[in-house]
Number of protein chains: 2
Amino acid sequence: MYAPTTKLSTTTSSARVLGVPPYHHGNLRTTLLAAAERSLREHGADQLSLRELAREAGVSHAAPRRHFPDRQALLDALAEAGFARLDVELRAAVADTPETFGPRLHATAAAYLRFATRDAALLELMFTRKHRDGAERLVAAAAAPFGFMHELIVQGQAEGVLEAGDPQRVGIVLFATLQGIATLINGSLVAPELLDGIVETAVDQFMRGSRRS
Amino acid sequence: MYAPTTKLSTTTSSARVLGVPPYHHGNLRTTLLAAAERSLREHGADQLSLRELAREAGVSHAAPRRHFPDRQALLDALAEAGFARLDVELRAAVADTPETFGPRLHATAAAYLRFATRDAALLELMFTRKHRDGAERLVAAAAAPFGFMHELIVQGQAEGVLEAGDPQRVGIVLFATLQGIATLINGSLVAPELLDGIVETAVDQFMRGSRRS
DNA sequence: ACAGCTTTGTTGTCGGTGCATACATTGTTG
DNA sequence: CAACAATGTATGCACCGACAACAAAGCTGT
């Protein structure tokens, strides 16, 4: 086993300049993931085909197998990346927000639903139960955004805006509400125009429902 | 076009007694749906195969096509039936409950999550966005349980337990919260043992968050 | 520098699936 | 009882995911 090649696509070769594609792609895994992400967004997980991705990347149909043992492994990797990106987006949303709980909660909720409605298929992938043993990686990736919610709740309690209590439970309920709203919107069961109003209602209810009284 | 044969499997024939299977199945559509429901529960929507169902029903692999133009049509039918059953179960849950809002809300939430965790794959199917034009039937079917939630909210407001306001919005938020909790549990992102506690927290928060103050 | 091992491609194949078309059988109805 | 509509069957196609055997390229120790 040699080093997992951190440096990208050096692909030695003199062949490159001649326009002859090198035998080794050099960066297949990343290329496949990027193509998969696009395909997922455009056509949904069901339509995603390994062979199709291979064609797009200009490699043989069996090449992806070297990087993803099977189709599900690719989907899992996408979901994992999705959680990471969600975490980044949530944290970015509060970065330029007053440090008080209220505005931060609003910003978080809005950011979550922006992510969820923009990448509906990805969201579905992230939360779909695909038992597959290696689910640990996924759960670990999901811990990041969950942790963020947790921190938010703790802050609210520290500020005295929220009642004391198990922040875990409360955080889960909050997370669930946002996720549920996304599901209803994405499933076309609720008109998208209602989104903003619903989020506002949800946030208000949450504040009132768990404020210190 | 002759009558859509309400009476089941009369399959005229003298052949029956001889053990020779009749040319016409007599009840294929229903049989397929039943088998599909079982397969869905046991192996998930991805693994559901029309050819497999045909084999189970003892019929050629092209036969299902007479009843479902394509695979998605079958899945849609399953989802539609799912909404109908959900509606029945929710209404049944409050049937033998005190007529006051509080107990009814609790019973509804519990019933929703029982349904959702018992038939996780079905739930996913019901709320997954499969744009496919004929989504109207699905949305119509979904209207039943949604309507139930709506009625529940209206009752709460009439009792004076809930503040006045758009029952639609509030109902959607409630529905979303339950749906979101189900998603988190089914996706193994939250341990099942926590379910009861979370539901309780959610219901309490809802009551506090929208009670008349 | 080169021999040997590891990684990452390639080609070919297999079983399975959804969808389509042409044909066969049966039930209904005028 | 003679159309005709409904429902199954047989066959074929294109595609897919998985697998195995082989080939090229990169690394590494001597």
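In the text below, chain A, chain B and the rest are named by the order of the sequence lines, each starting its count at 1. The analysis underlying the following values was restricted to heavy atoms, covering all of them including side chains, and did not include hydrogens, waters or symmetry mates. These numbers were taken from a predicted model, which means no experiment stands behind them.
Distance A/Glu52 CD to D/dA14 P: 17 Å, rounded to the nearest Å. The CG-P distance, from A/Leu28 to C/dT10, rounds to 8 Å in whole Å. Across the protein-nucleic acid pair, A/Glu56 atom CD and D/dC16 atom C1' stand 15 Å apart, rounded to whole Å. Between B/Arg66 atom CZ and D/dG8 atom P there is a gap of 9 Å when expressed in whole angstrom units. In this structure, the CG atom of A/Leu32 is 12 Å from the C1' atom of C/dT8, given to the nearest Å. Atom CD in B/Gln72 sits about 12 Å away from atom P in C/dG18, given to the nearest Å. In this entry the distance linking CG of A/Leu74 with P of D/dC16 reads 14 Å, nearest Å.
Evaluation of the side chain to side chain donor-acceptor pair (under 3.5 Å) rule for A/Ser210 yields no partner, not counting sequence neighbours. Among residues two or more places apart in sequence or in another chain, the side chain to side chain donor-acceptor pair (under 3.5 Å) test is passed with B/Ser49 by none. Qualifying side-chain contact (heavy atoms from CB on, under 4.5 Å) partners for A/Ala95, counting only residues two or more places apart in sequence or in other chains: none.
Residue-to-nucleotide proximity on DNA chain D shows that, of B/Arg29 and A/Arg55, the 5′-proximal contact is made by B/Arg29.
The side-chain heavy atoms of B/Glu52 and B/Ser39, taken from C-beta on, include no pair separated by under 4.5 Å. Here the side chains of B/Leu174 and B/Leu105 are in contact, with some heavy-atom distance below 4.5 Å.
Within the 4.0 Å cut-off from OP1 or OP2 of C/dA20, at least one side-chain nitrogen or oxygen of B/Arg65 is found.
Heavy atoms only, all atoms of each residue included: A/Leu48 and A/Ala36 are closest at CD1-O, 3.7 Å.
In the helix from C/dA1-D/dT30 to C/dG30-D/dC1, the rotation axis of the first five pairs and that of the last five pairs differ in direction by 10°, rounded to 10 degrees.
Here the nucleotide nearest the side chain of A/Arg71, chosen from D/dT7, D/dG17, C/dT17, is D/dG17.
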Enumerate all atom pairs, one protein N or O and one N or O from nucleotides 10-13 of chain D, separated by less than 3.5 Å.
| residue | atom | partner | partner atom | Å |
| --- | --- | --- | --- | --- |
| D/dT11 | O4 | B/His61 | NE2 | 2.8 |

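In the region residues 38-50 of chain B, proximity to DNA chain D at under 4.0 angstrom, judged on heavy atoms, holds for none of the residues.
Screening B/Leu74, B/Asp119, B/Leu125, B/Asp46 for a side chain to side chain contact (heavy atoms under 4.5 Å, CB included) with B/Leu40, the sole residue that qualifies is B/Leu125.
Distance check: A/Leu75 CG to A/Glu80 CD gives 12.5 Å after rounding to the nearest 0.5 Å.
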